[in-house]
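Everything numeric in this text was worked out from a predicted model, so none of it was measured. Counting starts at 1 for both ligands and their atoms, following the listed order.
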Amino acid sequence: MNTVLVGAQWGDEGKGKVIDFLTEESDIVVRFQGGSNAGHTVVVGDKKYVLHLVPSGVLHDGKHCVIGNGVVMDPFDLMKEIEQVESWGFDLKGRFHISERAQMVMQWHRALDRAEEAVRPEGKKIGTTGRGIGPAYAAKVGRYGMRVGDILKPDFLDIIRSHVEDANVKLRALGAHELDADEMVRLYTPMVPALMPYVTDTIQFLHESLDAKKSVLFEGAQATMLDIDFGTYPFVTSSNPTAGGACTGSGVSPRAIDRVIGVLKLYTTRVGEGPFPTELFDADGETLRSRGGEFGATTGRPRRCGWFDAVVARYAQRVNGVDFWAMTKLDVLDTFPVVKICTGYRRKDGFVYQTFPADLDALKECEPVYEELPGWQCETSKTTDYSELPENAKAYINRILELVGGKLGVLSVGPARETTLRINI
Ligand code: GDP
Ligand code: IMO
Ligand code: MG
């Protein structure tokens, strides 16, 4: 069984937790896009683990973890993360594989990310994570990127020097500090022997594994509404976090994918700039933020919070072909007397959008159309079986399923590993 798991909203839906849950029945977990902009949290007992580049399956000894060709990998961040994972007591040797085709995020990409964001006028800022993601993908499609395989080349350090020179031209034009090529060479020199053992042809590795009937789990980072094609462009990330990205970012054919799981938070959050039709600026938004612990796992920024948006979820169901939903954070809604679901966006002239418009200006004139449902006002975080849930919580979930399509596969009622209910997968 080969599974693609994607975020259905604007990220931070709880993908890390669900990946950790599904890893038990998988052999290999593959990251296929994004980079260290991701922050995936897994809570085991009283320990909280946050993964950025290393797949969230790593907490299961013996499972293989792959950084696929579609990822932009920052060797500096990765080295730190490898050390951290090892300090937690997990051995990566022999089970961690980095594609030689993956692009690298270098210090100059981070510098460019910050410099480009700094010169964007108010209203046009993206609120990036500052991890160099946009400039690294721009280098990839511009065909001047650096690939992981370059570290195996004897002239790797010369390649770095020439890239620093090129990047300095851009940094200068943006009024930002230039980088020192010698310093960059000093920084990257120790990374060559440290990362070399993990670099391999992951396409070959994945195909041999598939031939041997191993089960592969594809771990999406970011989410549908942050997708460079399907999201709220230009307030998006620079990759394809949607299901199709799993194929282009790993070298595995769509025909090898058996199912798609979408992770759906039972309300909505967004971190960074850009449209968010159901955003709340009142006490309800505060309650969601504080009960949900809605602060970025990568940047610590407070997340913007709002009611569940069925227009977004239905769009995500279609774009990704979601078979099963992993619904998360039901427990966060436990105290509300009323819960709301957005079913459309009403324009001033009365027209209601039932699918997400491409033109973001159209959204500026819209008000969300809400359905109100009674809350359940009791604790759900101790639930061990779906049948134990309060009727109003079931009604909320069922109404969402009716509106968005797909089946309920997994329900999460708390941050910890054991607060995950298997429903239908
Ligand atoms: P990801 O980026 O999609 O992996 O999600 P993050 O890890 O950035 O954010 C999800 C946050 O919600 C983390 O702090 C998780 O520990 C937490 N979380 C996940 N599922 C649940 C849940 O069902 N209930 C609660 N209360 N917290 C959850
Ligand atoms: P996970 O995998 C939430 C957002 C940033 C910004 C936009 C572009 O943890 O769900 P980038 O640094 O990618 O160029 O930033 O995308 N963003 C995320 N938001 N969760 C993420 O990852 C995100 N990764 C990027 O806040 O708005
Ligand atoms: Mg996250």
| If you measure from each non-hydrogen atom of H40 to ligand 2, which part falls under 4.0 Å: side chain, backbone, both or neither? |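 The part of H40 near ligand 2 is the side chain, not the backbone.
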
| query | Any N/O of R270 closer than 3.5 Å to an N/O of ligand 2? | reply |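 In fact, backbone or side chain, R270 has no N or O that close.
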
| Below 3.5 angstrom, do we get any N/O pair linking K48 and ligand 1? |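 No - when backbone and side-chain N and O of K48 are compared with those of ligand 1, no distance drops under 3.5 Å.
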
Answer with side chain, backbone, both or neither: which part of [X] has a heavy atom less than 4.0 angstrom from an atom of ligand 1?
X    : value
K17  : side chain
D331 : side chain
V413 : backbone

| message | When you measure from the heavy atoms of R303 to every atom of ligand 1, does any distance fall below 4.0 Å? | response |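 Yes, R303 has heavy atoms under 4.0 Å from ligand 1.
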
| Is there a heavy atom of G11 sitting under 4.0 angstrom from any atom of ligand 1? |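 No.
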
| task | Specify the protein heavy atom at minimum distance from atom 23 (C) of ligand 2: its residue, its atom name, and the distance to 0.1 Å. | result |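 Heavy-atom neighbour on the protein nearest atom 23 (C) of ligand 2: Q222 CG, 3.7 Å.
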
| atom 8 (C) of ligand 2: nearest protein contact (heavy atom, Å) |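 Answer, as residue, atom name and distance: V236 O, 3.4 Å.
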
| query | With under 30° as parallel and over 60° as perpendicular, where do the rings of W376 and Y396 fit, or are they tilted in between? | reply |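 Tilted, since the angle between the ring planes falls between 30° and 60°.
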
| Name of the residue among R303, R270, K17 meeting salt bridge (charged side-chain N to carboxylate O under 4.0 Å, His left out) with D12 |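 Among the candidates, only R303 passes.
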
| What atoms of ligand 1 come within less than 4.0 Å of a heavy atom belonging to H40? |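 With H40 as reference, the close atoms of ligand 1 come out as 1 (P), 2 (O), 4 (O), 7 (O).
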
| query | Which ligand 1 atoms are under 4.0 Å away from a heavy-atom of S412? | reply |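 Near S412, the atoms of ligand 1 are 20 (N), 21 (C), 22 (C), 23 (O).
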
| query | Counting heavy atoms only, which of R417, K15, Q9 is nearest atom 1 (P) of ligand 1? | reply |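 That would be K15.
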
| field | side-chain hydrogen bond (donor to acceptor under 3.5 Å, both in side chains) between T278 and D309, intermediate numbers included | value | CA-CA 7 Å; T278 63; D309 188 334; 4.7 Å; no

| Do you see an N/O/S atom of G39, backbone or side chain, under 2.8 Å from the Mg ion (ligand 3)? |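 Short answer: yes, at least one N, O or S atom is under the cut-off.
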
